[in-house]
Enquirer: 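The structure is given below, and queries will be raised subsequently.
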Amino acid sequence: MPGSLRTTLITVAGLSGIGSAGGYYYFKTTDKESQLVVPVKEAYVPKHYDRRPFQLLSKEEIDKRLRSGQFANQIQVNYVKAVYTNQLPSNNPVEDTFSINTFQQGLIAGVYDGHIGPHCSKLIRQQLPIYMARELNKQQSRSEQDIENAISTAFVDLDQDIQQRFYDIFPKNLKRTTEKDIQAAVARQPDQQATQAIIDEAINGSCALTVYLKDGVVYSANTGDSRVVVISQDEDGNWKGRRLVEEESPANPDWRVHMMSQHPPEESNALIVRNRIFGLIAVGGSAFGDIMYKVPVEYQTKVLPFLPYDTYKTFSRYHHRIVANYRTPPYLSSRPLVSRHKLEKGDKFIVLGTDGLWDELSWYDVRSTDGDQVAAEIMSRWKTMGEMNPATHLVREALLFDAVYKNVRVKEPVENEEFELSKRLTRQPSRYFRDDITVTVIELGDQSNTELDLKNVGPVHQAKEVEADVPRLADPSKKRQSWFLGWAWSRL
């Protein structure tokens with residue numbers, strides 16, 4: 001038996017549960033010299049050796065897993081036919097979240113990519129649409145520039161309130177503070193469960209990407225490395241994907257330069273390593289929460305190490321690397337990049353996705369425009385591929401895009417979809433092979449001209465109207481003078 005075939009058969013035979021998963025049956029010889037696995041029934045033999053185990057799934061099981069997080073929203077908003085969402089977890093618990101709301105005949109939709117844990121992303125899912133609505137209500141002229149400023153202010157205010165609630169727990173003067181003082185400060189809080197939530201929401205972090213669609217104009221705001229792409233079709237039938245707002249990531253050369261300019265030159269060698277701040281966090285200068293990158297210097301040694309153990313252990317393994325390089329905070333901000341796009345005749349979809357989606361769609365550089373165009377090509381085939389929910393269609397095809405390379409670093413099209421999707425869906429620990437993926441697809445068009453088919457798209461909901469009169473998380477009148485309020489984060 002040729003060596004390559006022998007290796008392949010051994011690999012395939014190592015799959016857990018392979019005998020019951022759809023027609024692959026094997027037995028082993030007892031010859032210690034050869035230890036061959038001989039197929040009793042002909043099976044698919046992959047071209048490339050891949051030793052990492054996975055469970056072979058049936059088509060029905062693959063469909064069930066891919067569709068388990070899908071749903072749709074019916075929305076009475078001009079220019080919007082429907083909004084579709086799907087989420088495929090990788091982390092446990094999943095750290096991504098999303099929101100879909102209406103506000104004064106407009107649409108507010110967002111995807112939020114949490115890190116360290118889900119607490120911060122869950123909070124901003126609830127609060128960011130409220131903060132946006134509150135600021136939009138304050139604008140009298142409602143000019144396009146006013147709307148952009150209102151959205152940016154909402155991002156900044158929410159993160160300042162997240163921080164303020166955290167600082168309010170601890171002593172203001174830390175010069176003589178001890179470990180017992182910090183622990184006592186936490187213990188004296190009247191609601192321990194709420195206090196723990198406030199700490200976790202500040203320590204955890206989250207990127208945020210939102211769109212506000214109103215009167216045919218799409219306002220996009222992005223802090224972090226999620227992405228929004230408008231997908232259009234021209235009169236010749238050609239499909240195109242175009243990013244609506246850039247990503248705030250060290251992998252974005254312009255943003256990297258901008259980040260470096262905010263700190264003294266002597267910090268440059270340690271500030272960004274492997275496209276990560278201090279070699280640790282990849283969101284690149286902008287995120288909610290992540291307070292360990294924003295606190296005054298003395299907090300790094302006087303407060304953070306003495307937080308409740310379950311919280312501190314989530315970042316303790318790399319906290320020493322932050323302390324070693326921490327000189328001129330803050331190193332992160334929630335101020336977003338904001339853009340506007342007036343819908344055009346050929347615009348068909350707006351796709352919001354956390355970086356877990358775009359990582360799947362770009363070969364050479366996850367920040368390149370390759371993924372934008374790949375998303376457009378995938379969406380051009382939606383109606384012909386049998387998946388009723390376009391967000392699910394996009395997730396499925398993203399997992400299959402050059403999928404072989406994601407396992408053995410070979411770039412080529414997929415030959416056997418069930419085989420490759422089984423690998424993408426069952427390998428453990430899942431986080432080593434892919435990220436959480438959250439996708440929202442806004443289908444554009446006139447509702448009155450087209451009958452909307454929402455069968456087999458998952459549960460169908462009615463989007464809730466945002467309540468703009470909800471109080472802020474923290475009282476702005478009691479806000480300390482923040483050391484980062486004057487930090488100039490300019491628009492690129």
Side-chain angles (χ1 to χ4, degrees), residues 91 93 95 114-124 127 158-207 263 267 270-271 273 276-283 285-334 473-475 478-485 487:
N91 294 292
E95 295 177 348
H115 38 271
I116 301 181
H119 301 87
C120 186
S121 62
K122 286 182 177 180
L123 178 69
I124 61 175
Q127 293 293 329
L158 175 54
D159 193 48
Q160 288 185 359
D161 288 354
I162 292 171
Q163 294 181 57
Q164 188 64 47
R165 296 194 309 169
F166 177 87
Y167 296 127
D168 286 345
I169 294 172
F170 304 104
K172 292 180 172 59
N173 189 340
L174 298 178
K175 289 185 178 180
R176 293 183 174 85
T177 301
T178 66
E179 176 180 353
K180 290 183 178 180
D181 295 328
I182 299 303
Q183 294 171 345
V186 174
R188 77 170 65 99
Q189 300 301 313
D191 187 335
Q192 286 295 297
Q193 186 174 357
T195 300
Q196 185 62 53
I198 288 170
I199 294 172
D200 287 338
E201 287 157 359
I203 292 295
N204 289 186
S206 183
C207 304
H263 302 276
E267 291 190 58
L271 179 57
V273 179
R276 294 171 177 264
I277 297 177
F278 304 148
L280 297 171
I281 186 169
V283 297
S286 297
F288 287 87
D290 285 317
I291 203 166
M292 72 286 287
Y293 295 93
K294 302 172 181 177
V295 294
V297 174
E298 59 267 27
Y299 268 70
Q300 295 291 355
T301 55
K302 290 281 192 175
V303 175
L304 298 188
F306 308 127
L307 294 175
Y309 173 74
D310 286 344
T311 298
Y312 182 63
K313 72 179 182 181
T314 61
F315 67 97
S316 61
R317 63 190 182 278
Y318 54 81
H319 184 223
H320 66 285
R321 293 171 61 183
I322 298 176
V323 174
N325 297 290
Y326 208 77
R327 300 288 182 272
T328 56
Y331 294 92
L332 291 178
S333 164
S334 68
L473 293 177
D475 186 348
K478 298 180 180 179
K479 180 173 60 181
R480 298 182 190 179
Q481 275 297 318
S482 175
W483 49 93
F484 64 85
L485 284 178
W487 198 30

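Since the model is a prediction, treat every value here as computed from it, not as a measurement. Residue numbers run from 1 in the order of the sequence given.
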Enquirer: Whether the side chain of His319 engages the backbone of Pro305 through a donor-acceptor N/O pair (distance < 3.5 Å, no angle test) should be reported.
Expert: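 The answer is no, because no donor-acceptor pair under 3.5 Å joins these two groups.
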
Enquirer: Among all residues two or more places apart in sequence or in another chain, which pass the side chain to side chain contact (heavy atoms under 4.5 Å, CB included) test with Gln196?
Expert: Asp200, Pro308, Thr311

Enquirer: Can you tell me if Ser121 uses its side chain to pair, donor with acceptor, with the backbone of Glu95 under 3.5 Å?
Expert: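 Yes, the answer is positive, given that a donor and an acceptor are paired below the 3.5 Å cut-off.
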
Enquirer: Does a sphere of radius 6.0 Å around NZ in Lys122 hold more than 12 heavy atoms from other residues, nucleotides or ligands, not counting ones at 6.0 Å or beyond?
Expert: no

Enquirer: Give me the atom names and distance for the closest heavy-atom approach of Lys294 to Pro329.
Expert: O-CB, 4.3 Å

Enquirer: Taking C-beta and beyond as the side chain, do Met292 and Ile203 meet within less than 4.5 Å on heavy atoms?
Expert: yes

Enquirer: Do Pro171 and Val303 have side chains that approach each other closer than 4.5 Å (heavy atoms only, starting at C-beta)?
Expert: no

Enquirer: Quick check against the 3.5 Å criterion: does Asn204 have a side-chain atom that pairs as donor or acceptor with the backbone of Ile116?
Expert: no

Enquirer: Could you check whether any side-chain N or O of Tyr293 sits under 3.5 Å from a backbone N or O of Tyr326, counting only pairs where one atom can act as donor and the other as acceptor?
Expert: no

Enquirer: For the atom pair CD1 (Ile199) and CG (Leu304), what is the distance rounded to the nearest 0.5 Å?
Expert: 10.5 Å

Enquirer: What I'd like to find out is whether the side chain of Leu307 reaches to under 4.5 Å of the side chain of Phe166, using heavy atoms alone.
Expert: yes

Enquirer: Are the side chain of Gln189 and the backbone N or O of Ala185 linked by a donor-acceptor pair below 3.5 Å?
Expert: yes

Enquirer: Between the main-chain N or O of Pro93 and the side-chain N or O of Asn91, is there a donor-acceptor pair closer than 3.5 Å?
Expert: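 Pair absent, no side-chain N/O of Asn91 close to backbone of Pro93.
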
Enquirer: Is there a donor-acceptor pair under 3.5 Å between the side chain of Arg176 and the backbone N or O of Asn173?
Expert: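 Such a contact is absent between Arg176 side chain and Asn173 backbone.
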
Enquirer: Looking only at heavy atoms, which two atoms of Glu298 and Leu174 are closest? And how far apart?
Expert: CG-CD1, 3.7 Å

Enquirer: In this structure, is the centre-to-centre distance between the rings of Phe278 and Tyr331 below 6.0 Å?
Expert: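 So the answer is yes for these two rings.
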
Enquirer: Quick check: do Gln192 and Val186 have side-chain heavy atoms less than 4.5 Å from each other?
Expert: yes

Enquirer: Show the nearest heavy-atom pair for residues Arg165 and Ile169, with the distance to one decimal.
Expert: O-CG1, 3.5 Å

Enquirer: Hey, is the main chain of Asp310 close enough, under 3.5 Å, to the side chain of Thr314 for a donor-acceptor pair?
Expert: no

Enquirer: Tyr318: what forms a ring pair (Phe, Tyr, Trp, His ring centres under 6.0 Å) with it, not counting sequence neighbours?
Expert: none

Enquirer: Please find the pair of heavy atoms, one from Asp159 and one from Gly289, that lie closest to each other, and give the distance.
Expert: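 It is OD1-N, 2.9 Å.
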
Enquirer: Where the side chain of Gln127 meets the backbone of Leu473, is there a donor-acceptor pair that is under 3.5 Å apart?
Expert: no

Enquirer: Between Tyr167 and Phe170, does the ring centre distance come in under 6.0 Å?
Expert: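 No, ring centres 6.0 Å or more apart.
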
Enquirer: If every non-hydrogen atom of Arg276 is compared with every non-hydrogen atom of Leu280, which pair is closest and at what distance?
Expert: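 It is NH1-O, 3.0 Å.
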
Enquirer: List the atom of Cys207, the atom of His115, and the distance in Å for their closest heavy-atom pair.
Expert: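 The pair with the smallest heavy-atom distance is N-CE1, 4.0 Å.
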
